[in-house]
Amino acid sequence: MKKRILSRLGDISRIHHRAAFADVQQHIDKHQGSSVFVNLASKRFSCREFNHHPVSSIKLAKILEAARLAPSAKNQQPVHVWALTSAEALERIRPIHTMFDAPVVIMVGFKADEAWTRQCDGKNWADTDATIAGTHILLAAADLDLGCTWVGSFDPIKVREAFPETEGYEISALFAIGHPAAHAVPSARHEVRKSMEEFATEL
């Protein structure tokens, strides 16, 4: 008698367990189209027009923290960033690139000798680590409703000359950051995307 009772209790427990998870897939399906991250990635664009409102120190600190937390190969962290906020620092960068008159410019650099190197082919991961940090900067700015554009068209030698503070680092990217101007819009090519069939292959 006791065994039958325990058996029935076990059956009831298993039924309850199955019922508790019966609608999990339904909830997953319901929320698949509302990913916060995908929405963030979708809304951001390369902003090249800024208004004159300064970026708060709190928002800048959050962007820098996002960059600091970026993953790197073997967690070697060969990346360093410089935030240009003073009039003097911004004056030094303008002759190299206008940076679209953004009130904040972030420079990202790396030291190759501090990065992980893949043994099979000698590939150094420093530029990849810097790119990941840069992506964190880009998306953190968007999350804070700031405009940002990734600038790669600059002379790194001139940057090194203008900013001796970067000695020993290779500067890989500049980021113009600020509040978007009211008329700031994405470029004509912003919405041009490969189809998923062209872009991805499931094996």
Side-chain angles (χ1 to χ4, degrees), residues 27-73 75-87 89-90 93-94 97-110 115 125-154 159 166 169 171-196 199-200:
H27 283 290
I28 291 172
D29 292 340
K30 179 181 177 183
H31 294 288
Q32 269 183 338
S34 60
S35 164
V36 173
F37 179 78
V38 171
N39 288 339
L40 175 65
S42 178
K43 83 168 187 175
R44 70 141 301 276
F45 66 92
S46 295
C47 181
R48 297 177 175 87
E49 296 179 275
F50 303 92
N51 63 32
H52 298 296
H53 295 300
V55 174
S56 73
S57 58
I58 293 174
K59 287 191 173 185
L60 177 58
K62 288 181 178 180
I63 293 171
L64 295 177
E65 178 67 356
R68 189 181 73 88
L69 294 175
S72 61
N75 198 29
Q76 296 287 88
Q77 303 176 52
V79 178
H80 191 86
V81 302
W82 295 262
L84 313 184
T85 58
S86 69
L90 292 170
I93 198 67
R94 303 292 190 215
H97 194 289
T98 66
M99 299 307 295
F100 313 107
D101 293 322
V104 172
V105 172
I106 292 180
M107 305 191 302
V108 176
F110 61 82
W125 231 248
D127 58 342
T128 301
D129 294 338
T131 299
I132 297 170
T135 302
H136 276 219
I137 289 170
L138 205 67
L139 292 171
D143 186 49
L144 295 167
D145 294 319
L146 294 172
C148 180
T149 190
W150 186 315
V151 175
S153 178
F154 63 91
V159 172
T166 66
Y169 289 87
I171 304 302
S172 62
L174 308 178
F175 294 86
I177 299 174
H179 295 275
H183 54 277
V185 294
S187 72
R189 285 190 51 78
H190 179 73
E191 298 294 336
V192 178
R193 299 286 170 180
K194 290 182 178 180
S195 68
M196 187 57 74
F199 177 75

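Keep in mind that this is a model prediction, so the values were computed, not measured.
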Quick one: are [X] and [Y] in side-chain contact, heavy atoms under 4.5 Å?
{"X": "Ile137", "Y": "Ile177", "value": "yes"}
{"X": "Asp127", "Y": "Ser172", "value": "no"}
{"X": "Ile132", "Y": "Val79", "value": "no"}
{"X": "His179", "Y": "Cys47", "value": "no"}
{"X": "Val151", "Y": "Phe100", "value": "yes"}
{"X": "Val55", "Y": "Thr85", "value": "no"}
{"X": "Leu146", "Y": "Ile63", "value": "yes"}

inquiry  = Keeping Asp129 on the side-chain end and Ala73 on the backbone end, is there a donor-acceptor pair under 3.5 Å?
reply    = yes

request  = Check for a donor-acceptor pair, side chain of Ser72 on one end and backbone N or O of Gln77 on the other, with a separation under 3.5 Å.
outcome  =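 A pair under 3.5 Å: yes.
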
For the student: nearest non-hydrogen atoms of [X] and [Y], plus distance:
{"X": "Leu138", "Y": "Cys148", "value": "CD1-SG, 3.6 Å"}
{"X": "His190", "Y": "Arg44", "value": "CE1-O, 3.0 Å"}
{"X": "Leu139", "Y": "Phe37", "value": "CD1-CE1, 3.7 Å"}
{"X": "Leu174", "Y": "Met107", "value": "CD2-CG, 3.5 Å"}
{"X": "Leu90", "Y": "Val105", "value": "CD2-CG2, 3.8 Å"}
{"X": "Phe50", "Y": "Pro103", "value": "CB-CD, 4.4 Å"}

message = My understanding is that only residues two or more places apart in sequence, or in another chain, count here; which of them pass ring-ring contact (aromatic ring centres under 6.0 Å, His included) with His80?
response = Trp82, Tyr169

task = Would you please name every residue forming a ring-ring contact (aromatic ring centres under 6.0 Å, His included) with Phe175, sequence neighbours left out?
result =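 Once residues adjacent in sequence are excluded, the partners of Phe175 under the ring-ring contact (aromatic ring centres under 6.0 Å, His included) criterion are Trp150.
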
Counterpart residues, side chain to side chain donor-acceptor pair (under 3.5 Å), relative to Thr131 (two or more places apart) =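 Expected list: none.
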
message = If the condition is side chain to side chain donor-acceptor pair (under 3.5 Å), which residues does Arg48 pass it with, not counting sequence neighbours?
response = none

inquiry  = List the residues meeting salt bridge (charged side-chain N to carboxylate O under 4.0 Å, His left out) with Glu65, not counting sequence neighbours, and say none if there are none.
reply    =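 For Glu65 the salt bridge (charged side-chain N to carboxylate O under 4.0 Å, His left out) partners, ignoring immediate neighbours, are Arg68.
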
message = Looking at His53, I want to see if its NE2 is surrounded by more than 12 non-hydrogen atoms of other residues, nucleotides or ligands under 6.0 Å.
response =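 Atom NE2 in His53 is not crowded, with 12 or fewer foreign heavy atoms closer than 6.0 Å.
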
inquiry  = Please determine whether side chain to side chain contact (heavy atoms under 4.5 Å, CB included) holds for the pair Met99 and Thr149, giving the CA-CA distance in whole Å, both sets of side-chain angles, and the decisive distance to 0.1 Å.
reply    = CA-CA 9 Å; Met99 299 307 295; Thr149 190; 5.9 Å; no

message = What's the separation between atom OG in Ser42 and atom CZ in Arg193, rounded to the nearest 0.5 Å?
response =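 Ser42 atom OG to Arg193 atom CZ measures 8.5 Å (nearest 0.5 Å).
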
inquiry  = Run the side-chain contact (heavy atoms from CB on, under 4.5 Å) test against Ser56 and tell me which residues pass, sequence neighbours left out.
reply    = Ile58, Lys59

